[in-house]
Amino acid sequence: MRELLPYLRLYKRHWFGLSLGMVLAFATLFAAIGLLTLSGWFIAAAAVAGIAGIATFNYMLPAAGVRGFSIGRTFGRWAERVVSHNATFKLLADLRVSFFRKLAPLVPDQSLNMRDGDLLNRMVADVDAMDHVYLRLISPIVVGVLGVLAISLFLGWFDPTLGLALGLSLLTLLIGLPIVFYRLGKEQGRDQLEQNAATRIALLDWLQGHAELALFGARERYRARIDDSEQAMLNAQAHMARITGLANGVLVAATGLTLVLMIWLAADGVGERMPGAMIAMVAFTTMASFELMMPISAAFQYLGKTLTAAKRLNAITEREPSVPFPSNGHMGPATGAIVFDNVSYQYPGAAHDAVSNISLQITPGQTLALLGRTGCGKSTLLSLLTRAWDPTQGQIHLDGVPLTEWHESALRDAMSVVTQRVDLFNGSLRDNLLLACPHASDSDLAHTLKQVGLARLLDGQGLNAWLGDGGRQLSGGERRRLGIARGLLHPAPIMLLDEPTEGLDVQTEAEILSLLETHCQDKTVIIITHRLVGLEIMDTVCLMDAGQIAEQGTHQSLLDADGRYAQLMRRL
Ligand code: ATP
Ligand code: MG
């Protein structure tokens with residue numbers, strides 16, 4: 001139950017709506033029970049009056065009462081739904097936002113190690129499951145306990161034995177049912193939730209990798225996996241439905257038995273009176289009182305599911321980000337002096353350092369090229385500079401301030417990054433560019449697109465064209481140039497480029513390189529490249545090997561030294 005505590009705390013903010021919802025739920029229940037009780041007594045009393053030939057039976061008042069209760073019940077139910085659902089939806093919205101706030105800084109965390117589908121499932125389905133806590137758990141229990149008390153007092157007012165008998169029967173059920181149905185539904189509820197998540201993950205995998213699966217003829221095998229997990233999910237659902245059926249059956253049986261007991265007890269008359277119409281009232285009150293038991297068994301049957309959802313959410317919200325940014329960190333602006341001081345980094349679970357003992361100094365306005373074989377740690381070095389994760393050893397300084405002391409937004413403002421894998425977001429071409437520079441005008445965007453040779457994208461729908469899933473797809477080279485356009489749009493004194501011209505033809509590559517040269521004239525630039533062109537204009541060339549810097553110097557000095565760099569150049 002401790003899992004639910006953070007969610008109960010959230011209620012404080014919406015206490016008014018939630019409590020009003022409970023008051024209205026209680027009023028509705030009161031009207032519903034009142035309606036059945038009064039009409040039961042009314043019909044019986046009218047019949048008795050008719051048989052006895054009593055001419056002065058006042059039927060106006062009870063008839064008005066019946067109407068009043070029935071209108072009250074209808075209105076109460078409507079108002080209760082509006083108020084409590086409104087409050088619950090607001091609460092879920094809060095929960096979703098706060099969950100996302102916690103999740104966002106965790107995403108680069110290597111040790112989070114969660115599938116996209118799983119995270120999505122937590123964000124959507126598990127948060128939704130939390131509405132259960134209030135709507136199906138707290139509210140019915142509070143209303144149930146108050147209801148049992150009110151009904152017992154009401155009957156006890158006429159006849160203490162009857163009041164006590166009904167009160168005890170309801171109380172036994174109120175305690176017994178939750179225990180039984182929590183145990184019955186616990187495992188199945190957890191299964192149901194986990195199978196839901198598994199199905200979603202399998203389905204997302206299948207959709208995302210559809211082209212590859214089709215090309216390698218693996219579509220059917222993967223499809224069968226979805227079918228399997230879907231079947232498991234349906235089985236868990238069917239099991240839950242059987243438990244619900246059992247719960248309803250038990251309640252109907254309990255109603256019947258209690259009714260028999262109450263009629264038997266009331267057979268000699270209610271209170272001091274002779275047997276009469278009051279017996280009907282007792283019978284109907286008993287029947288009506290079971291209305292408040294119905295939601296309680298369901299609440300506990302699904303409690304296991306709710307607890308599992310809460311646990312899955314807590315696994316995210318209780319995690320500290322591995323890269324915490326200080327809230328009142330250094331604000332810049334940066335000039336672009338970067339120092340790597342004996343920096344090493346090892347990916348969690350990896351056997352070796354991805355980069356080790358890197359020491360580098362880059363002065364503002366300097367350009368540095370990073371070369372090296374695939375997998376030697378070049379991209380990792382840039383990730384450390386952007387604080388995707390922190391070095392396992394050593395420190396990186398920007399403008400003499402350790403990176404860990406920079407405010408996140410100041411650090412982002414200091415660097416413009418073109419990553420090795422450019423991500424397109426599901427949105428318009430404009431959205432995809434504006435993320436790098438939210439205030440850019442349409443003409444700025446069009447100008448930048450022309451600069452990177454993507455003017456053709458402006459044809460047709462222009463900046464409104466939809467990219468990504470369900471929209472226009474870009475070729476590998478176009479994607480890369482869109483990444484460069486983002487890099488150009490983001491105004492920052494430091495430019496980090498991870499193989500910006502990979503996959504471009506020679507002509508386009510030359511154009512892009514000269515564009516970058518003019519754009520980056522007074523910026524600090526780190527460029528990772530496999531292509532050994534344009535290195536002579538770099539201030540420093542750094543050759544990396546197995547996570548370490550093997551050679552470092554200007555193009556000319558490295559050629560003169562006649563080491564590995566010179567060998568590489570000769571091989572061209
Ligand atoms: P390339 O030229 O192919 O882009 P790179 O020099 O950029 O290579 P990195 O991406 O820095 O290489 O990777 C360095 C090493 O770290 C590689 O051995 C790689 O397998 C490993 N590595 C990279 N990313 C991760 C990760 N997220 N988790 C574990 N290991 C990783
Ligand atoms: Mg790389």
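If you read the sequence from its start, that first residue is 1, and numbering goes on from there. First listed ligand is number 1; within each ligand, the first listed atom is number 1.
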Check your understanding: When you check the space around the Mg ion (ligand 2), which protein N, O or S atoms turn up under 2.8 Å?
Key -> Ser379 OG, Gln420 OE1
Check your understanding: Taking only heavy atoms of Glu499, which atoms of ligand 1 are found under 4.0 Å from at least one of them?
Key -> 2 (O), 4 (O)
Review point. Residues in side chain to side chain contact (heavy atoms under 4.5 Å, CB included) with Arg183, at least two apart?
Key: Ile179
Revision key, fill the gap. Applying side chain to side chain contact (heavy atoms under 4.5 Å, CB included) to Asp390 and not counting sequence neighbours gives Val323, Arg387, Thr404
Review point. Gly377: heavy atom below 4.0 Å from ligand 1, yes or no?
Key: yes
Practice item. Under 4.0 Å from a heavy atom of His530: give me the atoms of ligand 1 that qualify, with their elements. Key: 2 (O)
Review point. Looking at residues at least two apart in the chain, or sitting in another chain, which of them share a ring-ring contact (aromatic ring centres under 6.0 Å, His included) with Tyr134?
Key: none
Check your understanding: Does His490 use its side chain to pair, donor to acceptor, with the backbone of Met415 at less than 3.5 Å?
Key -> yes
Exercise for review: Give a yes or no answer on whether the side chain of Lys378 reaches the backbone of Gly372 with a donor-acceptor pair at less than 3.5 Å.
Suggested key: yes
Study note, to complete from the structure: In ligand 1, the atoms that come under 4.0 Å of a heavy atom of Gln420 are 1 (P), 4 (O)
Exercise for review: Please verify whether a non-hydrogen atom of Cys376 lies at under 4.0 Å from ligand 1.
Suggested key: yes
Exercise for review: Is it possible for you to check whether Arg225 lies under 6.0 Å from the centre of the six-membered ring of Tyr222, through NZ or CZ, and within 45° of that ring's axis?
Suggested key: yes
Review point. Atoms of ligand 1 less than 4.0 Å from Ala354 heavy atoms?
Key: 16 (O)
Exercise for review: Check whether any side-chain N or O of Thr448 sits under 3.5 Å from a backbone N or O of Asp444 as a donor-acceptor pair, and report yes or no.
Suggested key: yes
Practice item. Could you list the atoms of ligand 1 found under 4.0 angstrom from a heavy atom of Thr380? Key: 9 (P), 11 (O), 13 (O), 14 (C)
Exercise for review: Indicate yes or no for a side-chain donor-acceptor contact from His239 to the backbone of Gly189 under 3.5 Å, with no hydrogens or angles considered.
Suggested key: no
Practice item. Give a yes or no answer on whether the side chain of Gln208 reaches the backbone of Asp205 with a donor-acceptor pair at less than 3.5 Å. Key: no
